[in-house]
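Worksheet: the structure to be examined is printed underneath.
No experiment lies behind these values; they were computed from the predicted model shown.
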Amino acid sequence: EVQLVESGGGLVQPGRPLRLSCTASGFSFDYYGMHWVRQAPGKGLEWVSVISWNSGSVVYADSVRGRFTISRDNAKNSLYLQMNSLRPEDTAFYYCVKDRGMGTAMAGLTYWGQGTLVTVSS
Amino acid sequence: QSVLTQPPSVSAAPGQKVTISCSGSSSNIGNNYVSWYQQLPGTAPKLLIYDNNKRPSGIPDRFSGSESGTSATLGITGLQTGDEADYYCGTWDSSLNAGVFGGGTKLTVL
């Protein structure tokens, strides 16, 4: 059974950093591209970032480029999102998501974690 | 404002059919595959359709997808109360070099 478990969310002050982690199991983690998708409470889905199977390619949404860094450790079946210079508008549930493909497009987001809530507030 | 445009809400009676549209442009739907997601209240989204019209295993054939030009459509037949959810279309945008979603459509089964 595929499982994606996010952690690291919580309350953080504006301007401070936070690092999210996602532990994957039940599939060959190192074969697939992985995404972060966020959803502000009561709002729609917003794509954040993607990393290819071998970390050779990463892409970011304009809203987070230069502040967020996606990375992965295939040996640990883990995906990360380092978030710096956080803003109140970054408040959202952050989902770790497995793609159908290996690269950095959206071939179909097959499995989603349960999400971790990040709240940016003073 | 979302890159992909969906109606905010649709409704239909149990047993009936409903369609949800997703409108984009040549840089997204026109040149990349569309996928559809169902988000039941309080849960994470789930993949319903990928590559415009393919269903993952376990998704009933009541759900179907189609694409024409720069628009895509999700169809649901034999509506059940358990289908009440938010539905999102998504794809890659080659000009933005980014993933994009529609704003979501809330389905009510009356």
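Of the two parts of Ser49(A), neither the backbone nor the side chain holds a non-hydrogen atom closer than 4.5 Å to a non-hydrogen atom of chain B. When heavy atoms are compared at a cutoff of 4.5 Å, Glu46(A) approaches chain B solely by way of its backbone atoms N, CA, C and O. Both the backbone and the side chain of Pro45(B) come within contact range of chain A, judged by heavy atoms closer than 4.5 Å. Neither the backbone nor the side chain of Val34(B) comes within less than 4.5 Å of any heavy atom of chain A. With a 4.5 angstrom heavy-atom cutoff, Val97(A) does not touch chain B via any of its atoms. Looking at Val48(A), neither its backbone nor its side chain comes within 4.5 Å of chain B, counting heavy atoms on both sides.
With no hydrogens or angles considered, a side-chain donor-acceptor pair links Thr110(A) and Lys98(A) at under 3.5 Å. Side-chain contact of Thr119(A) with Ser121(A): a donor-acceptor pair under 3.5 Å is absent, judged by distance alone. Asp93(B) and Ser27(B) share a side-chain donor-acceptor pair at under 3.5 Å.
Taking a cutoff of 4.0 Å between a charged side-chain nitrogen and a carboxylate oxygen, Arg87(A) and Asp90(A) do not qualify as a salt bridge.
Applying the 6.0 Å contact sphere to CZ of Arg16(A) captures no more than 12 heavy atoms from other residues, nucleotides or ligands.
If you take CE on Met83(A) and CZ on Arg38(A), they are separated by 9.0 Å, rounding to the nearest 0.5 Å.
Annotation: maximal heavy-atom pairing with chain A below 4.5 Å, among Tyr33(B), Tyr88(B), Trp36(B), occurs at Tyr88(B). Here Ala98(B) is the residue among Ala98(B), Ser35(B), Ser2(B) with the most heavy-atom pairs under 4.5 Å with chain A. For the options Leu109(A), Val37(A), Thr104(A), Val59(A), heavy-atom pairs under 4.5 Å to chain B are most numerous at Leu109(A).
Taking each heavy atom of Asn84(A) and Pro17(A) in turn, the nearest pair found is OD1-CB, 3.4 Å.
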